[in-house]
Amino acid sequence: MTAQFQILGAWLDWEDPYMTLKNEYLEAAWWTLKKAHENNLLERGLRVVNWCPRCQTAIADSEVEYWDETDYSIYVKFPVIGEENTYIVIWTTTPWTIPANVAVAVNPSFQYSRVRAWKDGKAEILIMASDLVESVLKTGRYQDYELFSTLTAEQMQELTYSHPLGDMVPRQKDILHKVYAADFVTAENTGCVHIAPGHGLEDYELGMKNHMEIFCPVGGDGRYTAEAGEKYQGLYVKEADSEVITDLEAQGRLLASGRLAHRYGHCWRCKTPIIFIATSQWFLRISDLRDKMLDEVSRITWYPEWAGSARFADWINNARDWCISRQRYWGIPLPIWTCPACGHLEVIGTSAELEERSGQKLVDLHRPDVDQVFLECPCGGKMTRSPDVFDVWFDSAVASWATLRFPSHKEEFSDWWPADFITEGHDQTRGWFYSQLGASMVSFGRAPYKSVLMHGFTLDDQGRKMSKSIGNIVQPEEVVQKFGADILRFYVLGANAPWEDLHFSWDGVENTSRMLNIFWNAYRFALPYMVLDKFDAGKADLSRYESNLRPEDRWILSRVNSLIEDVTAEMDGYQLHRIVRSISDFILEDLSRWYIQLVRPRTWIEQDDPDKLAAYATIYEVLVKLSQIMAPFTPFISESIYQNLVKGLDEGAPQSVHMCNWPQAQKERIDKRLEESMSLVREASMAASNARQKGGRKLRWPVSEIVIAPAKEGLDLGGLENVLKGQTNSKKITVLAAGEKPKMDLEIAPVHKKIGPVYKGEAKLVVEAIAAADPFVVKKQLACGDATVSIAGKEYKITAEMVSIKELPPQNLPAAEFSRGFVYVDITLTPELEAEGYAREIIRRIQDMRKELDLRVEDQIRAVVDIESKPILDLAMRKKDHIASEVRAADFQLGLGLPLQGKLVKDWDIEGICVRIGIERAA
RNA sequence: GGGCCCGUAGCUUAGCCAGGUUGAGCGCACGGCUGAUAACCGUGAGGUCACGCGUUCAAAUCGCGUCGGGCCCA
């Protein structure tokens with residue numbers, strides 16, 4: 001468990017874990033119980049438990065194993081008082097519980113029948129559920145019957161009966177046997193259920209509710225006690241079944257008897273069939289504290305809110321007294337001593353108190369030593385310890401103060417208690433959330449925690465529980481081994497809200513892995529350059545470059561500070577999934593897809609240029625801030641980055657990122673208008689890419705102009721024109737006025753129907769003249785009257801209705817829509833633009849070859865480029881120096897028919913032209 | 001039987017508390033980029049927001065009910 005937590009990066013005090021077996025911890029439980037006693041909240045009472053008669057102990061529900069067992073199945077007649085020869089018929093599979101019968105239960109919505117039934121010439125009157133009469137009488141081999149009357153459940157409850165074995169069980173003579181209504185009665189067997197509150201859970205509940213006697217004439221050894229009467233005393237109950245049946249038969253109370261295979265519970269240790277018996281137990285009177293507890297629940301902050309106001313409050317409303325005792329050997333012993341002579345009771349709170357009271361000092365407060373400690377009773381008697389131990393839930397219930405070594409140490413307790421925050425799964429409503437509250441209420445009268453995050457479970461990708469039988473279990477270690485702890489953490493935290501069940505999917509993990517890999521790449525991106533440029537603490541100091549910051553630098557700094565604000569706010573509400581999303585978005589959208597793209601050319605500047613250094617300092621600042629806010633989510637990556645970037649440059653920095661203070665947003669760096677402008681620029685840039693795609697112009701080829709036509713006023717590029725130029729690879733950005741469009745092409749077409757009647761034989765010439773005319777001139781003339789077109793020196797007047805003029809987006813101006821309007825890209829080529837395009841094509845190929853040769857960034861090369869087309873060569877020649885410097889060529893030849901040389905020689909096809917390139921590393 | 005939560009694209013989900021044209025990732029198809037490169041980017045197709053009724057000018061969102069899944073209780 002510890003190793004599991006550690007590989008996940010959980011940070012706890014591993015050297016000093018709390019152990020419930022330490023005396024110090026045990027004393028916290030003792031102290032608490034003593035407080036409960038002082039507050040009059042400790043009580044002794046009976047309670048039905050699962051009991052193993054061989055181990056002689058109560059066992060928990062989860063320790064019961066079920067399998068089929070063949071038992072008796074008997075129908076018994078209970079004689080109704082005041083009605084001659086009349087019986088209520090019940091059914092049971094445990095004849096041995098009949099001596100403990102106290103009542104009969106009926107379903108409040110069933111109808112019951114009184115029937116007269118004949119068997120072998122004798123008649124008797126039987127009462128059972130109307131729907132079950134036929135089957136019961138058949139089982140009892142009755143030959144005939146008639147309906148006597150029907151009874152409602154209310155009428156049933158007016159009946160009383162005498163115990164069928166009243167003569168053998170003397171105690172039964174004092175018990176009034178009545179009929180009660182209970183929802184758990186089903187329409188099976190007779191519809192009347194035998195109730196023995198000492199031998200069944202539902203029976204016990206019903207018995208408590210109706211103040212029945214909890215009669216249990218069976219001891220912990222599974223044998224009848226004297227209360228069962230002389231006949232049965234000492235008999236082991238499972239062996240008593242046949243005895244009871246024989247006696248019922250003899251009394252004429254057995255209607256039928258058979259055998260039945262059914263599921264029955266067994267002790268997980270010794271496989272003995274369990275029995276239910278009422279035992280004497282210790283209770284905390286939680287029900288007395290209900291209103292106060294609800295009050296506390298409303299004071300606690302719950303995440304989500306309904307975990308407290310709805311779910312936990314509902315549980316508290318239904319909470320019964322808490323049975324804290326268990327008949328076990330291992331566990332925290334109950335510190336309760338009683339006097340067998342006078343019944344006097346004392347609860348011991350500490351080991352010191354025990355020593356003072358008994359004169360004995362114990363090294364270990366557990367059993368068996370503690371069982372040998374006796375106290376002197378004021379009456380002179382010898383007080384002995386109640387042999388029970390605490391319910392293990394009580395161990396966890398006192399955790400909040402036991403782990404602070406209270407009550408033996410007071411200082412830590414006053415500093416730290418109550419806890420600010422606890423978290424557990426939604427099954428712990430009844431568990432840890434409740435046990436801690438209960439124990440704290442009885443001892444301190446308030447909740448031991450201020451806030452609770454109730455989290456969900458991890459299910460498989462289809463929302464099913466992970467289980468061995470389905471084979472869908474995924475171990476955290478497996479994910480950590482394949483992807484790493486940070487990826488598992490980030491995935492789990494981001495997949496959905498913390499309080500919802502997680503549908504684990506490997507795809508999701510893989511996706512997270514890709515995302516964090518981009519983050520890692522973003523971090524690594526700047527490193528080689530920083531190393532080359534001998535980056536140090538001085539260069540990391542952003543304040544030295546304040547005046548050199550470009551708008552995009554100020555933008556990413558604004559964004560990272562906005563991110564800190566957002567994450568801090570969401571952290572306060574445990575909206576962890578939203579935080580992961582914000583961080584992912586920042587890394588992908590802002591840092592990787594945008595800022596790093598913008599900053600790349602600056603990192604290639606050779607000397608210590610302040611423009612480059614400002615970019616480094618900015619990236620440095622962003623990465624350090626990120627490592628700090630990501631530390632709780634991805635502790636390992638964060639630490640690695642921190643150690644390198646912060647600790648590596650400054651020995652005096654905190655030892656670990658996890659020891660840094662939570663970063664505060666620098667408000668003066670946040671510029672929402674700049675952020676707004678940048679998102680506009682990004683959108684426009686994407687629209688431009690879209691338009692380029694439509695116009696068939698690759699991004700590598702520069703364009704002369706980008707035209708933005710906003711639909712509304714108020715489009716502010718915020719000084720980011722250069723960013724837009726760079727990202728769209730364009731020479732000029734034009735923003736039109738709202739509603740204005742760039743100049744459209746006009747298409748002019750003759751309307752023959754109107755021209756024909758006017759010009760008759762000359763119509764054909766007019767049509768030709770229109771086709772030859774400048775549409776813009778024609779349109780302008782038509783705007784203020786008729787227009788004139790001419791052909792072969794002859795002029796014709798035409799009216800507006802003789803032509804149709806349509807606006808067409810020009811071929812060289814593809815457009816794309818974005819949220820604020822349209823973006824047009826002018827893709828008209830000029831020799832200068834073409835030269836640049838070819839230059840970039842050649843540069844890209846040479847870079848590709850450098851990579852193939854595995855050259856380092858700073859390596860110089862010798863390169864020869866042979867271009868087979870003279871016009872293209874001429875274009876490329878214009879950019880010869882530019883190409884040489886971009887690819888770091890110390891020696892660069894560009895020409896036609898050059899002899900190729902170099903370590904690597906390759907033929908390339910650039911826009912259909914063969915370009916042959918040879919390169920090698922310069923000495 | 002009771003309380004609470006969940007149901008949105010093929011899959012995983014955001015949005016729901018504070019009503020105003022459902023947003024993303026994966027997968028799929030097409031295209032682009034190339035010194036972060038066993039990466040990366042763009043475009044496109046794909047949704048009766050489980051179902052029904054109600055409140056409202058307007059409902060994925062609020063209310064009631066039904067169905068399906070989960071946790072807890074009886």
Side-chain angles (χ1 to χ4, degrees), chain A residues 109 182-184 201-202 205-206 304-320 425-431 433-434 454-457 459 461-465 491 494-497 499-512 514-515 517-529 573 575 577-578 580-582 584-585 588-589 591-594 596-597 599-601 603-604 685-694 696-701 727 729 816 840-841 843-852 854-859 886-888:
Chain A
S109 61
D183 289 332
F184 60 75
L201 295 174
E202 288 173 327
E205 295 290 337
L206 188 69
E305 189 275 333
W306 50 258
S309 66
R311 191 177 278 211
F312 198 59
D314 178 62
W315 165 261
I316 301 284
N317 267 319
N318 294 309
R320 291 185 308 240
H426 46 48
D427 58 327
Q428 293 299 320
T429 301
R430 48 159 307 198
F433 299 156
Y434 176 68
M454 186 189 79
H455 67 72
F457 288 167
L459 308 176
D461 55 2
Q462 292 165 57
R464 298 172 307 181
K465 225 181 211 177
Y491 163 68
N496 55 6
W499 45 87
E500 273 164 18
D501 290 345
L502 170 74
H503 294 193
F504 180 88
S505 91
W506 284 105
D507 276 359
V509 176
E510 191 137 1
N511 210 13
T512 306
R514 209 164 299 146
M515 188 262 131
N517 192 43
I518 292 171
F519 174 49
W520 189 249
N521 282 338
Y523 158 63
R524 282 201 330 183
F525 154 77
L527 290 183
Y529 304 107
Q575 300 276 350
H577 59 308
R578 293 192 194 169
V580 168
R581 222 179 124 188
S582 305
S584 302
D585 278 358
L588 289 178
E589 297 295 333
L591 185 60
S592 168
R593 289 178 192 164
W594 202 243
I596 287 185
Q597 306 308 326
V599 98
R600 274 161 108 160
T603 64
W604 303 331
S685 168
M686 278 176 208
S689 308
N690 193 350
R692 271 177 175 272
Q693 205 166 324
K694 286 181 192 165
R697 182 71 78 239
K698 295 192 278 191
L699 185 55
R700 206 146 55 211
W701 289 68
Q727 290 314 104
N729 194 15
R840 283 187 71 163
E841 297 281 8
I843 290 165
R844 217 222 90 204
R845 265 71 173 189
I846 296 174
Q847 301 287 32
D848 212 58
M849 291 169 73
R850 284 184 61 118
K851 196 165 165 46
E852 199 172 321
D854 229 2
L855 298 184
R856 282 177 303 172
V857 174
E858 67 272 24
D859 285 339
E886 283 291 306
V887 302
R888 294 186 191 236

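In the text below, chain A, chain B and the rest are named by the order of the sequence lines, each starting its count at 1.
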Problem - Contact check, side chains of A:Arg692 and A:Asn729, non-hydrogen atoms, under 4.5 Å - result: yes
Practice task
Provide the distance between the two P atoms, one in B:G3 and one in B:A59, to the nearest whole Å.
Solution key: 29 Å
Exercise for the section: Starting at atom NE2 of A:His577, determine the distance to atom P of B:A24, rounded to an integer number of angstrom. Expected result: 18 Å
Problem - A:Tyr434 and A:Ile316, any side-chain heavy atoms less than 4.5 Å apart - result: yes
Practice task
For A:Gln428 and B:C73, give me the distance from atom CD to atom C1', rounded to whole Å.
Solution key: 15 Å
Problem - Whole-angstrom distance between B:U8 and B:G15, as gauged at atom C1' - result: 9 Å
Exercise for the section: Could you check A:Tyr491 against A:Arg844 and say which one's nearest nucleotide on RNA chain B is further toward the 5' end? Expected result: A:Tyr491
Exercise for the section: Measure from the side-chain heavy atoms of A:Ala310 and tell me the nearest of B:U34, B:C72, B:C4. Expected result: B:C4
Practice task
Under 4.0 Å between any heavy atoms, over every strand shown, what does A:Glu500 touch: base, sugar-phosphate, or nothing? Just pick one.
Solution key: sugar-phosphate
Problem - Interatomic distance where CZ belongs to A:Phe457 and P belongs to B:C6 [whole Å] - result: 16 Å
Practice task
Could you check whether A:Ala522 gets within reach of a base, just the sugar-phosphate, or nothing at all, counting any heavy atom under 4.0 Å?
Solution key: base
Handout entry: Protein-nucleotide distance (A:His503, atom NE2; B:A14, atom C1'), rounded to Å
Key = 15 Å
Handout entry: Nearest-nucleotide 5' precedence on RNA chain B, A:Trp306 against A:Asp427
Key = A:Trp306
Using a cut-off of under 3.5 Å, enumerate the N/O to N/O pairs linking the protein to nucleotides 37-40 of chain B.
{"unit_1": "B:U37", "atom_1": "OP1", "unit_2": "A:Arg524", "atom_2": "NH2", "d": "2.7"}
{"unit_1": "B:A39", "atom_1": "O2'", "unit_2": "A:Asn521", "atom_2": "ND2", "d": "3.2"}

Completion exercise
A:Met686 CE to B:U43 C1', in whole Å, measures 12 Å
Problem - Rounded interatomic separation in angstrom, taking NE2 from A:His455 and C1' from B:C71 - result: 13 Å
Filtered N/O pairs between nucleotides 63-69 of chain B and protein, under 3.5 Å:
none

Completion exercise
Sorted by chain and number, sequence neighbours left out, salt bridge (Lys or Arg N to Asp or Glu O under 4.0 Å) with A:Glu841 holds for A:Lys698, A:Arg700, A:Arg845
Exercise for the section: Taking the side chain as every heavy atom from C-beta outward, state whether A:Phe525 and A:Leu591 have any atom pair closer than 4.5 Å. Expected result: no
Give every pair of a protein N or O atom and an N or O atom of nucleotides 8-10 of chain B that lie under 3.5 Å apart, one pair per line with the distance.
none

Practice task
Using the C1' atoms only, state how far B:U34 lies from B:C41, rounded to an integer number of Å.
Solution key: 11 Å
Practice task
For A:Ala182, report the nucleic acid contact type (base, sugar-phosphate, nothing); a contact means any heavy atom under 4.0 Å.
Solution key: nothing
Problem - Test item: A:Asp501 side-chain N/O and A:Gly456 main-chain N/O as donor-acceptor pair under 3.5 Å - result: no
Problem - B:G32 and B:G69, which share atom name C1', separated by this distance in whole Å - result: 44 Å
Exercise for the section: Using the C1' atom on both, measure B:C49 against B:A24 and round to a whole Å. Expected result: 15 Å
Handout entry: Side chains of A:His577 and A:Asn496 in contact at under 4.5 Å (non-hydrogen atoms)
Key = no
Completion exercise
Across all chains, not counting sequence neighbours, the salt bridge (Lys or Arg N to Asp or Glu O under 4.0 Å) partners of A:Arg840 are none
Practice task
Please list, chain by chain and in numerical order, all residues satisfying side-chain contact (heavy atoms from CB on, under 4.5 Å) with A:Ala307, sequence neighbours excluded.
Solution key: A:Trp302, A:Pro304, A:Met454
Problem - By side-chain hydrogen bond (donor to acceptor under 3.5 Å, both in side chains) - contacts of A:Arg581 (at least two apart) - result: none
Handout entry: Pairwise P distance for B:G47 and B:C33, with rounding to whole Å
Key = 32 Å
Problem - Distance test, side-chain N/O of A:His426 to OP1/OP2 of B:C4, below 4.0 Å - result: no
Problem - 4.5 Å side-chain heavy-atom contact, A:Phe519 and A:Ser584 - result: no
Practice task
Find the distance A:Glu202:CD to B:A74:C1' and express it as a whole number of Å.
Solution key: 9 Å
Handout entry: A:Trp499 vs A:His426, side chain to side chain contact (heavy atoms under 4.5 Å, CB included): CA-CA, chis, key distance, verdict
Key = CA-CA 8 Å; A:Trp499 45 87; A:His426 46 48; over 6 Å; no
Problem - Sugar-phosphate, base or nothing in reach of A:Tyr523, heavy atoms under 4.0 Å - result: nothing
Problem - Whole-Å C1' distance, B:A45 and B:C28 - result: 9 Å
Handout entry: Side chain of A:Trp315 (C-beta onward), nearest among B:C72, B:C71, B:C26
Key = B:C72
Exercise for the section: In whole angstrom, give me the gap between the C1' atoms of B:U66 and B:G19. Expected result: 24 Å
Fill in the blank from the handout: The salt bridge (Lys or Arg N to Asp or Glu O under 4.0 Å) partners of A:Glu305 (sequence neighbours excluded) come to none
Practice task
Indicate, with a heavy-atom threshold strictly under 4.0 Å, whether A:Arg840 touches base, sugar-phosphate, or nothing.
Solution key: sugar-phosphate
Handout entry: Dot-bracket encoding of pairs in RNA chain B, which uses [ ] for pseudoknotted crossings and | for another strand, Watson-Crick or G-U under 3.5 angstrom
Key = (((((((..((((......[..)))).(((((.......))))).....(((((..]....)))))))))))).
Exercise for the section: Please find out if less than 6.0 Å separates the ring center of A:Phe312 from that of A:Trp315. Expected result: no
Completion exercise
For A:Trp306, the ring-ring contact (aromatic ring centres under 6.0 Å, His included) test, sequence neighbours excluded, returns none
Practice task
Could you pull out all residues at least two apart from A:Glu852 that satisfy side-chain contact (heavy atoms from CB on, under 4.5 Å)?
Solution key: A:Leu904, A:Lys906
Exercise for the section: Let me know the distance between CG of A:Leu588 and C1' of B:G42, rounded to the nearest Å. Expected result: 15 Å
Practice task
Report which part of the nucleic acid A:Ala307 touches: base, sugar-phosphate, or nothing (heavy-atom distance under 4.0 Å, all strands).
Solution key: nothing
Handout entry: Set of salt bridge (Lys or Arg N to Asp or Glu O under 4.0 Å) partners for A:Arg311, sequence neighbours left out
Key = none
Practice task
Using a cut-off of strictly less than 4.0 Å, decide whether A:Arg692 has a side-chain nitrogen or oxygen near OP1 or OP2 of B:U43.
Solution key: no
